[in-house]
Amino acid sequence: MLSQTDMMNSLLFLFGVLFALAFVYAAFISLREKETRAARKFLLSAVLLPLPFVLTAVFSFPFKGVVLAILMLAVILTLCIYFLPFGKNKSYRQVIPVQRIDERDTMFSRNELVPGSARFRDYYRRNPEKKPLDDAFRKNPGLLQEGTTQYNPFYFASADASFETIAALRDVVDGTVSNKQIPVDAGKISRYIKNWSKKLGAVDCGMTTLKDYHLYSVGGRAARYDKPIEKQHEFAIAFTVEMDHEMVKSAPAGTMVMESGQQYLESGRIALQVARFIRNLGYEARAHIDGNYQVVCPLVARDAGLGEIGRMGLLMTPKLGPRVRISVVTTNLPLVVDEPLHDYSFIDFCVQCKKCADVCPSRAISFEDREVIGGALRWQINQESCFTYWTKAGTDCGRCISVCPYSHPDNAMHNLVRTGIRNSSAFRTLALKMDDLFYGRKPVPAKPPEYLQQ
Ligand code: SF4
Ligand code: SF4
């Protein structure tokens, strides 16, 4: 029969072997993700971390009992930090914005103002403080243009191909509703749409009642410019699609804007199909796709339970972080709505992290805590600085998305970390330190995927 000392030694040895295996697995996953720095560090950890456990288990030395107790305590403490809700885990109530966003103030709308035109004069007469800011980006070559720092004719032409395809679809966001209305059960049709949209390529789908603050107050692009936007539907359905990890890691290279265009197109296609499907059933539905939104997609998606809004002002989803694109369908089809996540762990992690702010080439992301803006407690990026950088780089940059610790791939290794992050504030601090250690505080942009290198 094993003595108590033998049992402790065996347990320590087992921990040592388990740690070694876990870190070798992490190194293998990192190699597959082409994270060579992380793979090297995980391999080194696979050798160094189990050593105290294995050596203590195998050899006898003075004060072995004390060392053994310290090691066991370290294991118990780590498990407690992972599982127990230490620190700030309060559930919180989202503050509802009291002001709607005017689409004419968005950078894409301002970028379309033609100098000398009536719209141009009118906009800067009403917003003289924005003129010098916008003059700065107008001096740059512009998005997807030759002469930008990230110019690559193949990547830019590919991105343009996706954006032009979306543009060709912008006029079919709405259409004729079948005059034969099929009676539906709200629960069944909601489930059907969620499942079918995933079959179409969405990673997630959520539903919410359409609120006034989801809608732009006034249209800012194409034919809807200057036109007030009225609420016409009762519900909104939000879809997220994944942006490829390898493409995003190369941000701010041209491959990033290629991926943005591709996923705007994918998410838009799903919204168009679902909207058409709903109209076929005899209910009104409008798709909101790139270049033809009446809604602010991240707000709709957040209220539909798909994530929280983080420091960079984007939707942070539980499995892919900000590495998603969103589309929306608004409709009068009766639906069962989802609850928002009300998950404070995202906010608390962003409060501690600030990695996106650290790498942002235009210093557009705040290092401060959230502020009340438009009636809601949130972070707001400096959209002029961000967009000015885009017009210099020629791409939509995306460095913030690429370095965000939530953007790691959706697999067992990263999901294990995500569970700890959700559970405990203390683990969030630890996870952030580990992310900096293994992936770097300011990771160097990766090369574009090999199959796209010329
Ligand atoms: S990089 Fe960090 S601070 Fe920025 S959004 Fe991601 S988690 Fe939040
Ligand atoms: S896209 Fe680039 S410039 Fe804009 S906020 Fe993110 S990191 Fe900064």
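Counting starts at 1 for both ligands and their atoms, following the listed order. For clarity, every value in this text was computed on a predicted model and none was experimentally measured.
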What verdict does the ring pair (Phe, Tyr, Trp, His ring centres under 6.0 Å) test give for Y124 and F120, after you've listed the backbone C-alpha separation in whole Å, the side-chain angles of each residue and the deciding distance to 0.1 Å?
CA-CA 6 Å; Y124 293 111; F120 185 96; 4.8 Å; yes
With heavy-atom distances below 4.0 Å as the criterion, list the atoms of ligand 2 near C397.
1 (S), 2 (Fe), 3 (S), 7 (S)
Of all the atoms in ligand 2, which lie at a distance below 4.0 Å from a heavy atom belonging to W390?
1 (S), 4 (Fe)
Counting only non-hydrogen atoms and a 4.0 Å cut-off, the residues near ligand 1 are R311, M312, M316, F349, C350, C353, K354, K355, C356, C404, P405, Y406
Listing, residues 314-329 side-chain donor-acceptor contacts under 3.5 Å, not counting sequence neighbours, or none:
unit_1: T317; atom_1: OG1; unit_2: L320; atom_2: N; d: 3.3
unit_1: T317; atom_1: OG1; unit_2: G321; atom_2: N; d: 3.1
unit_1: T317; atom_1: OG1; unit_2: G321; atom_2: O; d: 2.8
unit_1: R323; atom_1: NE; unit_2: S407; atom_2: O; d: 2.7
unit_1: R323; atom_1: NH1; unit_2: E242; atom_2: OE2; d: 2.9
unit_1: R323; atom_1: NH1; unit_2: M243; atom_2: O; d: 2.6
unit_1: R323; atom_1: NH2; unit_2: E242; atom_2: OE2; d: 3.4
unit_1: R323; atom_1: NH2; unit_2: S407; atom_2: O; d: 3.2
unit_1: R325; atom_1: NH2; unit_2: S260; atom_2: OG; d: 2.9
unit_1: S327; atom_1: OG; unit_2: S267; atom_2: O; d: 2.7

Does at least one non-hydrogen atom of F387 fall below 4.0 angstrom from an atom of ligand 2?
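Heavy atoms of F387 never come under 4.0 Å of ligand 2.
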Please state whether the rings of F438 and F42 are parallel, tilted or perpendicular, taking 30° and 60° as the class boundaries.
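Plane angle under 30°, so parallel.
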Could you tell me if [Y] and [X] have a donor-acceptor pair between their side chains, going purely by distance under 3.5 Å?
{"X": "Q232", "Y": "T330", "value": "no"}
{"X": "N292", "Y": "R224", "value": "yes"}
{"X": "E33", "Y": "N411", "value": "yes"}

Evaluate side chain to side chain contact (heavy atoms under 4.5 Å, CB included) for I278 paired with I193, printing each intermediate quantity in order.
CA-CA 9 Å; I278 294 172; I193 289 174; 4.1 Å; yes
